[in-house]
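Throughout, protein chains are lettered first and strands after them, A, B, ... in sequence-line order, and every chain is numbered starting at 1. When reading the values below, keep in mind they use all heavy atoms of this one structure, side chains included, and skip hydrogens, waters and symmetry mates.
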Amino acid sequence: MNALIFLIIFPLFIAALALVLPAGNALRKTVGVIAGVVLSAVPIYLLIAYLDTGPVYFRVGSHLVNMVMLAVEVVIAAFIVYISLRSKRYLPIVLVAVQSLIMVTFELTAGGTMEIEHSLFVDKFSIIMALIIGIIGSAICLYGIGYIPEYHQHHKEIKERRRYFSFLIYLFLSAMFGIVFSNNLMWLYFFWEITTICSALLIGYRNDKQSIESSFRALNMNLLGGLVFAIGLVYLYNSSHIMELDKLIKLDRNLVLLPAVCMAFAGLVKSAQFPFSSWLTGAMVAPTPVSALLHSSTMVKAGVYIILRVAPALENTVAAKMLMFIGGVSFLITALMAISQSNAKKVLAYSTISNLGLIVACAGINTAAAVWSALLLIVFHAVAKSLLFLCVGIVEYKLDSRDIEDMDYLIMRLPKLTAVMMIGMAGMFLAPFGMIISKFVTLKAFVDTNPGMAIVLAYGSAATVFFWVKWMGKIMSIRHGEIEVVAHRVSRWEWFTLDVLAVSTVFVCLAFPLISSGVIDPYLTERFGNVPVPDFFNVMVTFFIMVGLLVLLPLGLFYFGFANKNYRRVATYLGGANIDNVTFEGAMASVQTIEMKNYYLQKYFGEDRLFNVGVIISLALLCVMFGVAFI
Amino acid sequence: MAWFKRSPWILHYNATSCNGCDTEVIVSLTPLYDLERFGIINTGNPKHADILAVTGSVNEKSVQALKNLYDQMPNPKVIMAVGLCAISGCVFQDCYNVMGGVDKVLPVDVYVPGCAARPEAIIDGVIMACEILEKKYAEWKKGRG
Amino acid sequence: MNSIYEAYQVLSMAERALVFLVLAPIAGGLLAGIDRKLSARLQGRYGPPVRQPFFDVLKLFQKERIVVNKFQNFNIILFFLFTACSGALFFAGADILLTVFGLALAGTFFILAGFSVGSPYSHLGAEREVIQMVSYEPMVILMAVGMYQATGSFKVADLVQYEAPLILYLPGIFLGFLYILTIKFRKSPFDLSMSHHAHQEIVRGITTEFSGPALALIEITHWYENVLLLGMVYLFFGFNPWIALVVSLATYLFEIFIDMNYARFKWQLTLASTWLFTAVAGISNIVVLSVMK
Ligand code: SF4
C-alpha cells in the first residue's frame with residue numbers, strides 16, 4: 001500500500017520542487033533524473049511484488065483526506081472561474097459551478113456517514129497502467145528537459161514558464177497514478193478533475209489566441225464529462241449507498257446502469273471519442289512533450305481505463321452495444337480522416353483517436369478475448385505513439401515544418417531520427433509488430449460477437465495502412481548524391497528518451513507472449529474465469545516472423561550498405577532528359593526539379609465531409625445509450 | 001546458357017525521326033507481324049531493356065537524351081539503328097543541327113536499312129541483335145569474372 | 001476423387017509448405033505463360049510460347065545489377081520472402097488471417113520499395129498501389145470473416161475439408177472476391193500501378209527503377225501470389241476437389257477475358273467501385289449469414 005501512496009505523493013513532491021527550484025539550475029536536472037528513475041522503478045517493483053496475487057484492496061483512513069480533497073476541489077473550481085472570467089468565457093463557469101455545487105452538498109450531507117471499506121487497490125490492470133504512466137511519462141519529462149529550452153529559442157514570443165510547465169506535468173502524473181489506484185470513486189473523481197485542469201493548462205501553455213481557444217475547448221468538454229461523472233456518483237450513492245469501484249461492478253444491473261453509463265460517458269470525453277474528438281486535435285498546439293503525454297500514456301488512456309473498468313457493469317446491455325458502436329465509428333471515421341491530413345501531428349492525433357476507438361469497441365464487447373486485445377492495444381499504442389510524437393517534435397524544429405510533404409528524403413537528412421521514427425511506425429501498423437497482433441485478436445472477437453464490427457474493422461484497417469504507408473514511404477525515399485544533412489544537434493535528453501522508447505517498442509513487441517501470460521491472462525482469469533487462448537501456432541509464427549525481421553533488417557542493411565559491391569549506379573529514369581538525379585531538362589532548356597507529393601484524397605476523406613457525419617452518428621448513439629440507462 | 005535469345009526486350013527511342021520508322025516499329029507489334037511471338041517486348045523503360053532501337057538521325061538536342069538512356073540500360077546491351085536516318089542521317093544529314101547517324105555518338109551493333117525500315121527488316125534486325133547480345137554477355141561475364 | 005485430400009493429409013505441415021514453395025513458381029509461371037498466349041490469341045496474334053515467362057526471368061537473372069540507390073533491392077527481397085511465407089502458411093493449412101496479414105505486409109514492402117527509389121514514376125506507381133491495396137484489403141479480410149462464420153474456423157486445413165460447399169453460404173463474398181481478384185492479378189481495368197502491357201502511362205509504374213535480378217524476383221513473387229490467390233478461390237469449392245480446380249482455373253481465364261475487354265479505370269473509380277462492391281456484396285452476405293446463425 002505504501003508503494004501506491006508513494007506513487008501518488010512522490011510526483012506531487014517533485015512538482016513542488018519544480019516550482020521552487022530556479023529555472024536552468026543543474027539541480028533541476030538532477031531532480032528530473034531521480035524522479036524518472038524512481039517513477040519507473042516503483043511500478044516495476046509493484047509488478048514483481050504483486051505478480052502472483054490477485055487484486056489487493058487497502059483501507060485508508062479517509063475522512064480527513066476527503067475533506068482535504070474537497071477543499072482542493074473548491075480551490076480548483078475557484079481557479080477555473082478565475083481564468084474563465086479573465087478570458088471572458090462563461091460556459092466553464094456554469095459547468096464548474098454546477099459540478100462543485102453537487103459535490104459540495106453531497107460531501108457535506110452524505111460524506112460524514114459514508115462508509116468506505118477500501119480506498120485504494122491494485123491489480124494487474126492498474127499495474128500495467130502504472131508501468132505505462134511511470135516509464136513513458138517520466139521518459140517524456142526527461143525529453144522535456146532538453147526540449148523546452150530549444151522550444152523557447154524558436155518561439156521567442158512565448159513567455160518562458162518552465163517551472164510552471166514541469167509543475168503541471170508532475171502534478172498530472174500524480175493524478176494519473178491516483179486514477180489507476182483508486183477504488184474509492186470519490187477519490188477517482190478527484191484525480192479525474194485534476195487531470196482535466198492540468199491538461200487544459202498545459203494545452204494553453206503558449207498563451208496565444210489559438211492555444212487559449214484549444215485549451216478552453218478541452219476544458220469545456222472535460223468539465224462536461226466531469227459533471228456527468230459527478231451526477232452518476234451522486235445517483236449511485238443515493239440508490240445503493242456504494243462508493244467503491246469493486247462493489248459497483250458486482251451490483252445489480254438495474255441500479256448500476258445509469259452511474260456506469262455516466263462514467264463511461266466521462267471516459268468517452270477523456271479518450272476523445274466522437275463527438276468529443278476535437279479537443280484532442282486542438283491539443284496539438286501545445287509543446288510536443290504535452291501532446292506526447294496526452295496522447296500516449298496519460299489523459300486519453302485514463303478515459304479508456306475507466307471505460308474498461310465499468311464495462312462489466314454494462315455487460316449485455318444496449319448501452320454496451322452503443323459504446324461498441326461509438327468506438328467503431330470513431331475508429332473508422334478518424335482513420336479515414338487521417339488519410340486527408342498532411343499535418344504530421346494531426347495524422348498522429350487522428351490515429352490516436354482511431355486506436356482508442358478500437359479499445360472502446362473492445363470494452364463494449366467485453367469478452368475475454370476483446371479485453372485481452374484492448375489491454376495489448378493500450379500497451380503498444382502508448383509506447384509507439386509517444387515515440388512518434390517525440391520524433392515529430394524534433395523534426396518540426398529541424399525542418400521548421402510539421403507538414404509531411406516537407407519530409408522528403410528525411411532518412412538522408414536526419415538518418416538516426418528517421419530510423420527511430422520508423423520503429424514507431426512499424427509498431428503502429430506494420431504486421432507482425434505491435435498493434436497488428438491485437439487487431440488480429442480483435443477481429444476474431446468481433447466476428448464472434450458482432451460481425452458488423454468486423455466490417456468496420458476491415459475498412460478501418462485498410463484506411464490505417466493507407467496513411468501510414470504513404471508517410472513512411474515519404475520519409476524513406478532516398479536520392480543518391482549530395483544532400484545536406486540537417487544539423488543533428490539533438491540534446492542527449494531527447495536522445496535518451498527516444499532510445500528508451502524505441503527499445504521499449506521493440507521489447508513489448510517481442511515480449512508480448514510474456515506480457516500476455518504474465519500480466520494480462522491472470523487479470524482476465526480474475527475477471528472472466530477463462531483466458532482466451534490465442535492459437536499457439538499463430539503466436540509462434542508471429543514471433544518467428546518478428547525475430548526473423550529483426551535479424552534480417554540489420555543484416556540486410558549491412559549487406560546492401562557495405563558488403564554488396566556488385567552493382568552499377570545509374571540515375572533515376574526521367575524520360576532520358578536527366579541532368580542529374582532530381583533535375584531534368586525541360587522545355588526551352590530550362591532546368592526543372594522533380595517534386596513528389598502524396599495523395600490526400602481531400603475530396604473523399606476531407607475533414608469537412610466526415611467530421612460532421614461522425615458527430616451526428618455518435619450523438620445519436622450517445623442519446624440511445626443514455627436513453628436505455630434512464631429507462 | 002544465356003537466355004537473351006529467348007527474350008530480347010526493346011527500348012525504342014526517337015532521336016529525330018520523321019515518324020516513318022516509328023510507325024513501322026509499332027506496326028511490327030500488331031497482329032500481322034506480332035513481335036511478341038519471339039518473346040520480344042517493347043518496354044518503355046531503359047532499365048528493363050536489352051536492345052536500344054533508335055530511329056531518326058541524332059541531333060544536338062537528342063544526343064544527350066540518347067546517351068542518358070543508353071547509360072541507364074543494364075549490360076549486356078546492344079544498339080540497333082533503325083532506318084536510314086539512324087544509319088547515316090539520310091536526307092537530313094546536311095541540316096545545321098544534325099550530327100549524323102547514331103554511330104557518330106554511340107557504338108551501333110545492328111543496322112536496319114530502309115526508308116522507312118520494313119517490319120520484317122526490323123524483326124530480322126532484332127534476331128541479329130540477339131546473337132550479338134549473347135556474344136556480349138559471354139564477353140561481359142569473362143571480363144567481370 | 002478424394003485422393004487429393006488423402007495425399008494432402010498424409011503430408012505434415014512443413015512438407016505441405018515445402019511442396020508449395022517448390023511447385024508454386026512452376027505453376028505460377030505456366031499460368032503467366034497461358035495468360036500471355038491466350039491474350040495474344042484473343043487479340044488475333046500468335047503469341048509467345050507458354051514457357052516465355054521462364055525465359056524472361058532466367059534472362060533477367062543474367063543481367064547486370066543497376067541501382068538508383070544501394071538499398072533499393074532490400075525491400076524487394078522482403079516482399080518476396082513474405083509473399084512466399086504467407087503462401088506457404090496458407091497451403092500448410094494454417095490460419096487464413098495469418099496469410100491475409102502476411103500478404104498485406106508483403107504488399108507494404110513492395111510499396112515502400114516503390115517509394116524508396118525516389119523516382120517520380122515509381123512514386124506515382126507506389127501511390128496508386130497504395131490506393132489499390134486500400135481498395136482490396138477490406139474484401140480480403142471480409143472473405144476470411146465470411147469463411148469463419150460459415151465454418152467456425154479460420155484454419156485453412158479445416159476450411160478446405162468442410163463438407164458443405166462454401167460457395168452456397170458465401171455467394172456475395174465470392175463475387176466480391178472475384179472483383180478484387182482483378183486488382184490482385186494486376187489486370188485491366190485495375191492495372192494502375194504497373195502493367196505487363198506494352199504501353200503504360202507511367203512507364204512501368206512501381207517497378208520502373210527495378211531491373212535485372214530484382215525485376216525477376218518481383219516476377220516470381222507475383223507467381224507465388226497468383227497461385228495463393230487461386231488457392232483462396234479453391235476454398236470456396238473445397239467440397240469437391242475437381243470442381244474446385246476447374247473453377248480456380250476458370251476464374252483465371254475469366255480474369256484474362258476481363259483484362260482484354262476493359263480499358264484502364266482511373267484510381268477514383270477503382271477505389272469507389274471496389275469499396276461499393278465490397279459493401280454491397282460482402283456486407284450483405286455477412287449480415288445474412290449472421291442472421292441465419
Ligand atoms: S529513314 Fe526515312 S522513314 Fe525513317 S525516319 Fe528517316 S526519313 Fe523517316
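- Residues A:Phe429 and C:Thr108 form a side-chain contact, since some pair of their non-hydrogen atoms from C-beta on lies under 4.5 Å apart.
- C:Ile141 has its side chain within reach of A:Ser461: a pair of non-hydrogen atoms, C-beta onward, lies under 4.5 Å apart.
- Separation of atoms CG (A:Leu555) and CZ (C:Phe74) is listed at 8.0 Å; rounding is to 0.5 Å.
- At least one side-chain heavy atom of C:Leu81 sits less than 4.5 Å from a side-chain heavy atom of A:Leu552.
- The residue among C:Gln268, C:Glu137, C:Glu209, C:Gln149 with the most heavy atom pairs within less than 4.5 Å of chain A is C:Glu209.
- Chain A forms the most heavy-atom pairs under 4.5 Å with one residue out of C:Ile131, C:Val140, C:Val287, and that residue is C:Ile131.
- With chain A as partner, the option from C:Ile283, C:Ile286, C:Leu289 having the largest number of non-hydrogen pairs under 4.5 angstrom is C:Ile283.
- The candidate with the highest count of non-hydrogen atom pairs below 4.5 Å against chain A, out of C:Leu78, C:Thr278, C:Ile111, is C:Thr278.
- Taking CG from C:Asn69 and CE from A:Met412, the interatomic distance works out to 8.0 Å, rounded to the nearest 0.5 Å.
- Between A:Leu457 and C:Val145 the shortest side-chain heavy-atom distance does not fall below 4.5 Å.
- Between chain A and the options C:Ser290, C:Ser119, C:Pro138, C:Ala279, the largest number of non-hydrogen pairs under 4.5 Å is found for C:Pro138.
- Proximity to chain C (any heavy atom under 4.5 Å) is shown, for A:Ile475, by neither the backbone nor the side chain.
- Closest heavy-atom contact between A:Arg569 and C:Lys70: NH1-N, 3.9 Å.
- Within the 4.5 Å cutoff, the side chain of C:Val130 has no heavy atoms near those of the A:Phe467 side chain.
- Contact annotation: the side chain of A:Leu549 approaches that of C:Phe82 to within less than 4.5 Å [non-hydrogen atoms, C-beta and beyond].
- The structure places NE2 of C:His123 at 5.5 Å from NZ of A:Lys474, a figure rounded to the nearest 0.5 Å.
- Nearest heavy atom pair, residue C:Val68 against residue A:Ala571, reads CG2-O, 4.4 Å.
- Looking only at heavy-atom pairs under 4.5 Å with chain C, the residue among A:Gly556, A:Ala458, A:Gly548 that has the most is A:Ala458.
- Annotation for A:Phe560 and C:Ile77: closest pair CZ-CD1, 3.6 Å, computed over non-hydrogen atoms.
- Among C:Gly118, C:Ser116, C:Gly146, C:Ala272, the residue making the largest number of heavy-atom pairs under 4.5 Å with chain A is C:Ser116.
- Considering CZ of C:Phe154 and CG of A:Leu443, their distance stands at 5.5 Å, rounded to 0.5 Å.
- Closest approach of A:Val469 to C:Phe115, counting heavy atoms only: O-CE1, 4.1 Å.
- Below 30°, between 30° and 60°, or above 60°: for A:Tyr459 and C:Trp275 the angle between ring planes is above 60°, a perpendicular geometry.
- Considering OH of C:Tyr148 and CG of A:Asp448, their distance stands at 3.5 Å, rounded to 0.5 Å.
- Among all heavy-atom pairs drawn from A:Leu574 and C:Tyr121, the shortest one is CA-CE1, 4.3 Å.
- To the nearest 0.5 angstrom, A:Tyr567 atom OH is 11.5 Å from C:Asn73 atom CG.
- The heavy-atom pair separating A:Phe466 from C:Val134 by the smallest distance is CB-CG2, 3.3 Å.
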